[in-house]
Amino acid sequence: MRIPDWTPELKAQPQELVDAILKRRGGTLINLDKALLWSEPLARGWNVYLKAVRTDLPTSPKLRELGICTVALLTGAAYEYKHHAPDFLKAGGTQAELDALNAVVKADARQTAAHPALGEVEQLVIRYAAQMTLDVKVADEVFNALRQHFDTTQIVELTSAIATYNMVARFLVALGVSPEA
C-alpha cells in the first residue's frame, strides 16, 4: 500500500467505530479498512453506506456482484475482484460466467458481452457496467434494454452498486491497496 496500514497507535479512532467495522467484517480488519481508518468521517460513512449497498438492496445479489466484478476487471482493481468474485459465486453465479466475464472484458464489453456462458441479462449488466465505468454515459440502447428486464427501483439499485464500486476501485488502485495475503 502507498500509505501505512492504519493502527490505533498511529492514529487513534473511536473504539465504537473500529468495533462497528470489525462487526461488519466478521472480526478482522481488511486492508481496505486499514486505509479508510486514517479518516474517521470517511470510515464511518463508508461503513454505513457500503453495508447498505452490499447487504440491504433487494435487487439480485448475483447481478450486483457481476456488475462489481466487471468494474474491478475494467479498472484493474485486483483487490475488489478477489473479494467479489467469491460473492458472485455464493450468489448463484458460476465459474464459467466469471471466465466469460474475463473474456468479454478483454474485448470491448461496452459494445458486446456476447458469450455462450452468459445469459441475456448477464450480458446486459456487463455492458451497462462497462459503459458506466469506461464512458460514464450509457447508450440509450443499453438503458432501454435494462427497462425491459428491471423496474425503476432495480435500475437505481444496480446503477448505485456499479457507481459505488467505481469509487471503491479508484480508491483501492490510487492508494495501491493490495489483497490480503
Side-chain angles (χ1 to χ4, degrees), residues 1-93 98 101 105 125-126 128-138 150 152-181:
M1 192 156 54
R2 292 173 140 177
I3 60 174
D5 285 355
W6 171 87
T7 66
E9 296 76 31
L10 291 174
K11 181 164 178 119
Q13 295 295 7
Q15 192 59 47
E16 54 84 15
L17 170 60
V18 176
D19 290 344
I21 296 169
L22 286 167
K23 180 179 178 187
R24 185 167 74 90
R25 296 288 190 205
T28 305
L29 295 177
I30 62 174
N31 291 346
L32 173 58
D33 302 322
K34 294 173 187 174
L36 291 166
L37 278 162
W38 282 101
S39 169
E40 178 186 348
L42 181 60
R44 187 175 304 284
W46 193 290
N47 194 48
V48 172
Y49 177 66
L50 272 285
K51 178 190 179 296
V53 171
R54 287 293 309 286
T55 63
D56 296 344
L57 303 179
T59 297
S60 169
K62 176 189 173 191
L63 296 177
R64 178 187 64 234
E65 293 300 330
L66 181 62
I68 293 168
C69 287
T70 302
V71 170
L73 291 171
L74 289 170
T75 59
Y79 184 97
E80 189 169 283
Y81 188 80
K82 180 180 187 251
H83 281 270
H84 288 273
D87 291 339
F88 172 75
L89 296 172
K90 286 180 201 160
L98 283 177
L101 172 62
V105 163
V125 168
I126 293 167
Y128 188 54
Q131 288 184 10
M132 283 182 64
T133 301
L134 300 173
D135 300 332
V136 182
K137 291 186 178 187
V138 174
F150 302 101
T152 302
T153 298
Q154 292 169 324
I155 291 171
V156 167
E157 291 176 355
L158 182 62
T159 303
S160 173
I162 293 166
T164 297
Y165 278 88
N166 265 283
M167 173 192 71
V168 174
R170 283 154 173 76
F171 184 87
L172 293 167
V173 173
L175 292 180
V177 179
S178 58
E180 289 76 20

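Note that these values count all heavy atoms, side chains included, but never hydrogens, waters or copies made by symmetry. In this text, all values refer to a predicted model and were calculated from it rather than measured experimentally.
The two residues Glu180 and Lys82 have their closest heavy-atom pair at O-NZ, 3.2 Å.
Applying the salt bridge (Lys or Arg N to Asp or Glu O under 4.0 Å) test to pairs two or more places apart or on separate chains, those with a residue in residues 48-57 are Lys51-Asp56, Arg54-Glu65, Arg54-Asp87. Under the ring-ring contact (aromatic ring centres under 6.0 Å, His included) criterion, the residue pairs touching residues 39-69 are Trp46-Phe171, with sequence neighbours excluded. Residue pairs meeting the salt bridge (Lys or Arg N to Asp or Glu O under 4.0 Å) criterion with at least one partner in residues 5-23, sequence neighbours excluded, are Glu16-Arg44. Pairs engaging residues 27-39 under the side-chain hydrogen bond (donor to acceptor under 3.5 Å, both in side chains) rule: Arg25-Asp33 [sequence neighbours left out].
Thr159 has its side chain within reach of Met132: a pair of non-hydrogen atoms, C-beta onward, lies under 4.5 Å apart. Looking at Glu157 and Pro58, their side chains come closer than 4.5 Å, going by heavy atoms from C-beta outward. The side-chain heavy atoms of Val125 and Phe150, taken from C-beta on, include a pair separated by under 4.5 Å. With contacts defined as side-chain heavy-atom distances shorter than 4.5 Å, the pair Val168/Val71 does not qualify. Side chains of Ile68 and Phe88 form no contact here, defined as non-hydrogen atoms less than 4.5 Å apart.
Using a distance-only test at 3.5 Å, with no hydrogens or angles considered, a donor-acceptor pair links the side chain of Thr70 to the main chain of Leu66.
Here the CG-CD1 distance, from Leu63 to Ile126, works out to 9.5 Å after rounding to the nearest 0.5 Å. In this structure, CG on Leu50 lies 7.5 Å from CG on Leu32, to the nearest 0.5 angstrom.
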Under 3.5 Å, which donor-acceptor pairs do the side chains of residues 172-179 form with other protein atoms, sequence neighbours left out?
none

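Partners of Tyr165 by ring pair (Phe, Tyr, Trp, His ring centres under 6.0 Å), not counting sequence neighbours, listed by chain and number: His84.
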